[in-house]
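Below is one structure; the comments refer to it alone.
Positions are given from 1 along the sequence. All values reported here derive from a predicted model rather than from experimental measurement.
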Amino acid sequence: MSAPPQPAPQPAPQPAPPPASVRPRRRFRPTAPLRAAGEMTQLAAGTVRDTFRRPFQWRELIEQFWFVASVTILPAALVSIPFGAVIALQVGSLAQQLGAQSFTGGASVLAVIQQASPLIVALLIAGAGGSAICADLGSRKIREELDAMEVMGVSPVQRLVVPRVLATMLVAVLLNGLVSVVGTAGGYVFNVMLQHGTPGAYLSSFSALAQLPDLYISEIKALVFGFIAGITAAHRGLNPKGGPKGVGDAVNQSVVITFLLLFVVNVLLTAVYLHLVPQKGA
């Protein structure tokens, strides 16, 4: 007689996954920020080097310039009006308390040109243009387009990063002039209409305190801020982690990192300018 069939062995029960509260978290590496800073510096140096290599991507530069300008011109003009108005009202109120209302124009215009205008431009470029650049490069990275370019001998930095960084720099410089003019005009209108200031005193105080290097430092700040916004967006876009979700996280990180770097660099540039350039009327 044949032996009765043996029952199939049952698989061992799998342990239940631990709850979210006791799951091992990702370890924090203290050297990660330093490594990211080094990679960003290396990307910045590579971008400057590849800017002078041939062939130069003129078509890509024009397309990116038009895109960044189209998404930042109108918001920058609209934001600069309340910025100039708030600065003029605050400075005018303080000057009136001190009995120096005649210097309202010079103080408010200098604040707009030296500080507010470059920051407004940089924040809008980082929030609108920089986020789009980061998302575009990040999507190309997860689709392995950048790896395919490297296999074919095409440098992604020269082909994609350089035109985008130069576009953000050019737009920042040109847009800074627009914001300065609109912010100054808004401050003038609000000071004359709401605080009953004298148009002649507003303009005379501006000519007595302002000088041409104030415009130079404003444009230099805009140029540097545009470079920082472009490099930060490109760096985070080239290094996404975690697929499509990582691209979204990289966009958020690029905006936050750019904001932090802008304020730090603004303090350094302002301190150097005030130390090297003597103020008019001092």
Side-chain angles (χ1 to χ4, degrees), residues 40 43-44 47 51 57-84 112-113 115-143 145-146 156-157 159-186 218-240 244 246-263 265-266:
M40 191 179 301
L43 177 62
T47 302
T51 301
Q57 306 297 326
W58 289 103
R59 181 175 182 179
E60 187 76 15
L61 173 62
I62 295 174
E63 292 178 354
Q64 294 301 320
F65 176 86
W66 175 251
F67 169 74
V68 177
S70 63
V71 298
T72 53
I73 288 179
L74 184 59
L78 295 178
V79 170
S80 60
I81 296 176
F83 258 90
V112 170
I113 293 178
Q115 304 298 330
S117 178
L119 285 177
I120 291 173
V121 171
L123 295 180
L124 288 175
I125 287 181
S131 59
I133 291 174
C134 182
D136 178 44
L137 294 178
S139 61
R140 292 172 183 262
K141 181 66 176 180
I142 64 175
R143 292 198 303 264
E145 293 183 14
L146 303 183
V157 176
R159 179 64 178 82
L160 300 175
V161 176
V162 171
R164 285 161 172 77
V165 173
L166 292 180
T168 56
M169 295 172 64
L170 293 176
V171 172
V173 171
L174 298 178
L175 202 60
N176 183 66
L178 173 64
V179 174
S180 299
V181 172
V182 176
T184 301
S218 179
E219 295 293 351
I220 291 174
K221 283 184 178 181
L223 185 69
V224 174
F225 292 168
F227 179 78
I228 292 175
I231 288 296
T232 306
H235 174 262
R236 298 312 306 158
L238 294 175
N239 299 278
V247 176
D249 295 338
V251 171
N252 297 332
Q253 293 171 5
S254 69
V255 175
V256 174
I257 294 173
T258 303
F259 284 7
L260 296 176
L261 292 177
L262 290 180
F263 287 108
V265 175
N266 182 50

Is there a donor-acceptor pair closer than 3.5 Å between any side-chain N or O of [X] and the backbone N or O of [Y]?
X      : Y      : value
Thr232 : Ala229 : no
Ser218 : Ile113 : yes
Ser254 : Arg236 : no

Spatial distance of atom [atom1] ([X]) from atom [atom2] ([Y]) [nearest 0.5 Å]:
X      : Y      : atom1 : atom2 : answer
Leu175 : Ile73  : CG    : CD1   : 6.5 Å
Ile62  : Trp66  : CD1   : CH2   : 12.0 Å
Gln64  : Leu160 : CD    : CG    : 8.5 Å
Gln253 : Cys134 : CD    : SG    : 8.5 Å
Ile228 : Thr168 : CD1   : OG1   : 10.5 Å

For a quick test of reading the model, state the closest non-hydrogen atom pair linking [X] to [Y] and the distance between them.
X      : Y      : result
Pro118 : Val112 : CD-O, 4.4 Å
Thr72  : Ala128 : CG2-CB, 4.1 Å
Pro156 : Leu146 : CG-O, 4.0 Å
Gly237 : Lys141 : O-CB, 4.0 Å
Ala167 : Leu61  : N-CD1, 3.7 Å
Ser131 : Val255 : CB-CG2, 4.4 Å

Worksheet entry | Atom CZ of Phe83: over 12 foreign heavy atoms under 6.0 Å |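 For Phe83, atom CZ is not crowded (no more than 12 foreign heavy atoms under 6.0 Å).
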
Worksheet item: Does any pair with a residue in residues 163-178 pass salt bridge (charged side-chain N to carboxylate O under 4.0 Å, His left out), and if so which ones, sequence neighbours excluded?
Response: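 Checked against salt bridge (charged side-chain N to carboxylate O under 4.0 Å, His left out) - neighbours excluded - the pairs reaching residues 163-178 are Glu60-Arg164, Asp136-Arg164.
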
Worksheet entry | side chain to side chain contact (heavy atoms under 4.5 Å, CB included) between Val71 and Phe67, worked out | CA-CA 6 Å; Val71 298; Phe67 169 74; 4.0 Å; yes

Fill in: Beyond-backbone contact of Phe65 with Leu174, side-chain heavy atoms, under 4.5 angstrom
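SC-SC contact between Phe65 and Leu174 confirmed.
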
Worksheet item: Do Phe225 and Asn266 have side chains that get closer than 4.5 Å, going by heavy atoms?
Response: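 Yes. Closest side-chain heavy atoms under 4.5 Å.
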
Item to complete: Could you check Asn176 against Glu219 for side chain to side chain contact (heavy atoms under 4.5 Å, CB included), going step by step and ending with a plain yes or no?
Response: CA-CA 7 Å; Asn176 183 66; Glu219 295 293 351; 3.5 Å; yes

Item to complete: Mind checking side-chain hydrogen bond (donor to acceptor under 3.5 Å, both in side chains) for Ser80 and listing every partner two or more places apart, or none if nothing turns up?
Response: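 For Ser80, no residue satisfies side-chain hydrogen bond (donor to acceptor under 3.5 Å, both in side chains) once neighbours in sequence are set aside.
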
Worksheet item: So among Val171, Thr51, Thr47, which one has a side chain to side chain contact (heavy atoms under 4.5 Å, CB included) with Leu166?
Response: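 Passing option: Thr51.
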
Worksheet entry | Identified side chain to side chain contact (heavy atoms under 4.5 Å, CB included) partner of Val121 from the options Leu124, Leu123, Leu119, Ile125 |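 That would be Ile125.
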
Item to complete: In sequence, state the C-alpha distance, the side-chain angles, and the governing distance for His235 and Leu137, and then conclude on side chain to side chain contact (heavy atoms under 4.5 Å, CB included).
Response: CA-CA 9 Å; His235 174 262; Leu137 294 178; over 6 Å; no

Discussion item. Strictly below 4.0 Å, N to O, side chains only: are Glu63 and Arg59 in salt-bridge contact?
Written reply: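 Answer for the salt bridge query: yes.
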
